[in-house]
Structures are given as C-alpha cells and as structure tokens.
Amino acid sequence: MTVLERTDQPHSSPSQGANPDWTIPQGYERYGEAEHRTWTTLYERQADILPGRACDAFLHGLDALDLHGHGIPDFQQLNDKLNALTGWRVVAVPGLVPDAVFFEHLANRRFPAANFIRGARELDYLQEPDIFHDVFGHVPMLTDPVFADYMQAYGKGGLRALSLGSLANLARLYWYTVEFGLLETPRGLRIYGAGIVSSRTESIFALASGSPNRLGFDLERVMRTLYRIDDFQQVYFVIPSLQDLLDVTTGTDFGPLYAKMSRMTDIPIAAIEPGDKIFTRGTQDYARSGGRLRQGAA
Ligand code: PHE
Ligand code: FE
C-alpha cells in the first residue's frame with residue numbers, strides 16, 4: 001500500500017511480530033472462505049469491464065500472474081512468477097507504513113501490499129487500500145519491464161525527496177501516474193493507474209465521463225497540481241507511452257525542479273493552464289453537484 005493514499009501517519013515503529021522493515025507474513029492460511037469469495041467477486045467484476053479500458057501491459061500482467069478468480073493469491077506463488085519476469089516481489093505489510101520504509105522497499109523492487117481484504121459490504125468504497133487494490137491494482141503493471149524500472153526509480157526518488165523536504169511535490173507524481181494515470185494508444189485512451197483499475201465505478205468514469213479534464217502529462221505541471229483522495233478525480237493526465245514516462249522522470253534532476261516549484265503556487269485540481277495539451281475539457285458537473293462516488297455518475 002502506498003503512503004500517499006491517506007491523510008494520517010502510521011505508528012512510528014513496526015507492530016509486535018513485524019520485521020524491522022515492517023513486513024509480516026501474509027498469513028495465507030488464515031483467510032476464510034468469505035474473504036476468498038470477496039476477491040473472486042471483485043476480480044470478476046473488473047475482468048468483465050477492463051478489456052478495452054485497461055492498457056495492454058496491465059491486461060498481459062494479469063494473465064501472466066494468473067490472478068484469476070481463484071480467491072486471494074498466495075504471495076509465494078505470485079512472487080515465483082513476478083520475480084521471474086521483472087525481479088519484483090510482493091511483501092505483506094499490516095497496512096500503513098512510513099514514507100521512508102515504503103520508498104526503501106520500492107527502491108529494492110519490493111512492493112508492500114496489505115494482507116487484509118475489504119468486507120463484503122464495502123466492495124465499492126474503501127477508506128484504506130486493501131489487498132485487492134494493492135495486488136490486483138498495482139502488481140500486474142510490475143510485470144512490464146519499463147514500468148518496473150519506473151517504480152524502482154520512484155522509490156529512489158522518494159528517498160531523495162524526503163531528504164530535500166519535497167515529498168508533497170513528488171507524491172503528486174505518484175498520484176497522477178501510478179494511481180490515476182491514463183495512456184494514449186492508437187485505439188484511444190487506456191487506464192494504467194492502480195486506483196482506477198481496482199475500482200469498478202472509476203474504471204468507467206475515468207474514460208467515459210464528460211466531467212473531468214484529461215490533459216497531457218507534463219512533469220512540472222503534474223507535480224504542482226493538487227489532488228483529492230476521497231472521490232473520483234477531476235483531472236487525469238495522459239502519458240504518450242510508459243517509456244516516455246520513464247525517460248522524462250529518470251532523465252530529469254528533480255533537485256532544481258523542487259527548488260523552482262517551492263517558489264511557485266500550487267495548481268487547483270480543475271484548472272486548465274496555458275500550455276496544457278487538452279484531450280478533453282471537462283464540464284466538472286460531477287464535482288460541482290457534490291460527487292461522492294455516485295453510481296452511474298459517468
Ligand atoms: N530523477 C528523479 C530525481 O532526480 C528521481 C525519480 C525518477 C523520481 C523516477 C520519480 C520517478 O530525484
Ligand atoms: Fe495504491
């Protein structure tokens with residue numbers, strides 16, 4: 001789970017029984033039948049709507065990892081496949097971990113994932129990312145070699161941003177790419193962000209709704225843009241390719257950029273700036289009418 005998907009901070013030291021790096025055993029044998037069923041229900045709902053919406057890298061990853069509807073995946077089996085593909089592994093954590101711990105894992109190609117699953121009565125809205133968001137949402141993209149490198153570079157960049165006091169700017173990059181990113185393809189826009197692909201309602205909203213803006217990705221612009229964590233996004237940023245995202249982020253020294261941005265104002269969520277490449281100019285009707293994840297809001 002990411003440190004960016006919450007407003008509170010976790011405890012400052014690992015809970016009893018956890019390792020110094022905050023990892024815990026997944027506890028696979030402790031899942032009950034109802035929990036496995038919740039996974040399968042969520043899986044089937046997404047499998048139904050993601051073809052034609054999610055990008056190829058995600059859909060291929062889903063197949064390659066065999067995350068099909070057989071209940072919650074066993075991290076050991078999952079890691080055999082994932083590690084062979086890109087050298088990444090999934091490690092279980094109790095939920096929230098401190099920023100530095102999270103980045104340290106990413107920098108070493110370990111993705112921290114919650115080991116618990118949401119209750120059967122809260123399939124659509126989650127206060128805190130669970131194993132379905134973390135594994136179904138994030139892990140398929142880690143089978144893509146380019147995205148795999150991006151996530152590792154992000155982890156290293158996170159440690160650096162922490163030491164420079166610029167985490168707020170870097171967190172927005174994570175938000176608008178890893179969590180809510182869209183990709184331009186010859187067949188139209190596709191989803192690669194984990195926050196979208198793990199949500200039935202936002203998978204539809206992100207591509208079909210007339211409400212949000214969809215703008216071309218620009219590194220500095222994105223790192224200046226505020227975001228909200230409790231409702232559908234009001235703006236999505238579109239990358240031309242995963243390779244382009246990797247190249248522009250690893251090819252830029254963020255140090256001077258952080259210094260420059262610290263003297264600039266933040267950009268409001270729904271703003272359109274001079275120089276923005278506009279894919280869709282949204283009406284913002286959804287947000288203006290109160291939002292809150294209305295079913296069928298698309
Ligand atoms: N190039 C960034 C820096 O100088 C590191 C980074 C790479 C950050 C990729 C995010 C993603 O800090
Ligand atoms: Fe996430």
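Just so you know, ligand 1 is whichever comes first in the structure, and atom 1 is the first atom listed for that ligand. In this chain, numbering begins with 1 at the start of the sequence shown. A quick note: this is a predicted structure, and the numbers were derived from the prediction, not measured.
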- Message: Applying the side-chain contact (heavy atoms from CB on, under 4.5 Å) criterion to F58, which one of L50, D144, I191 satisfies it?
- Response: L50

- Would you please name every residue forming a salt bridge (Lys or Arg N to Asp or Glu O under 4.0 Å) with R109, sequence neighbours left out? D149

- Residues at least two apart in sequence or cross-chain that pass salt bridge (Lys or Arg N to Asp or Glu O under 4.0 Å) with R53, listed by chain then number, are none

- Examine all N, O or S atoms of E179, backbone included, and report whether one is under 2.8 Å from the Fe ion (ligand 2). yes

- Message: A quick test of your reading: do over 12 heavy atoms of other residues, nucleotides or ligands sit less than 6.0 Å from CD of E273?
- Response: yes

Give every pair made of an N or O atom of ligand 1 and a protein N or O atom lying under 3.5 Å apart, one pair per line with both atom names and the distance to 0.1 Å, or write 'none'.
| residue | atom | partner | partner atom | Å |
| --- | --- | --- | --- | --- |
| ligand 1 | 1 (N) | T249 | O | 2.8 |
| ligand 1 | 1 (N) | T252 | O | 2.7 |
| ligand 1 | 4 (O) | R160 | NH1 | 2.6 |
| ligand 1 | 4 (O) | T252 | O | 3.4 |
| ligand 1 | 4 (O) | F254 | N | 3.0 |
| ligand 1 | 12 (O) | R160 | NH1 | 3.1 |

- Query: Residues two or more places apart in sequence or in another chain: which of them pass ring pair (Phe, Tyr, Trp, His ring centres under 6.0 Å) with Y43?
  - Reply: H68, F136

- Task: Answer yes when D285 and R288 have at least one side-chain N-carboxylate O distance shorter than 4.0 Å, and no when they do not.
- Result: yes

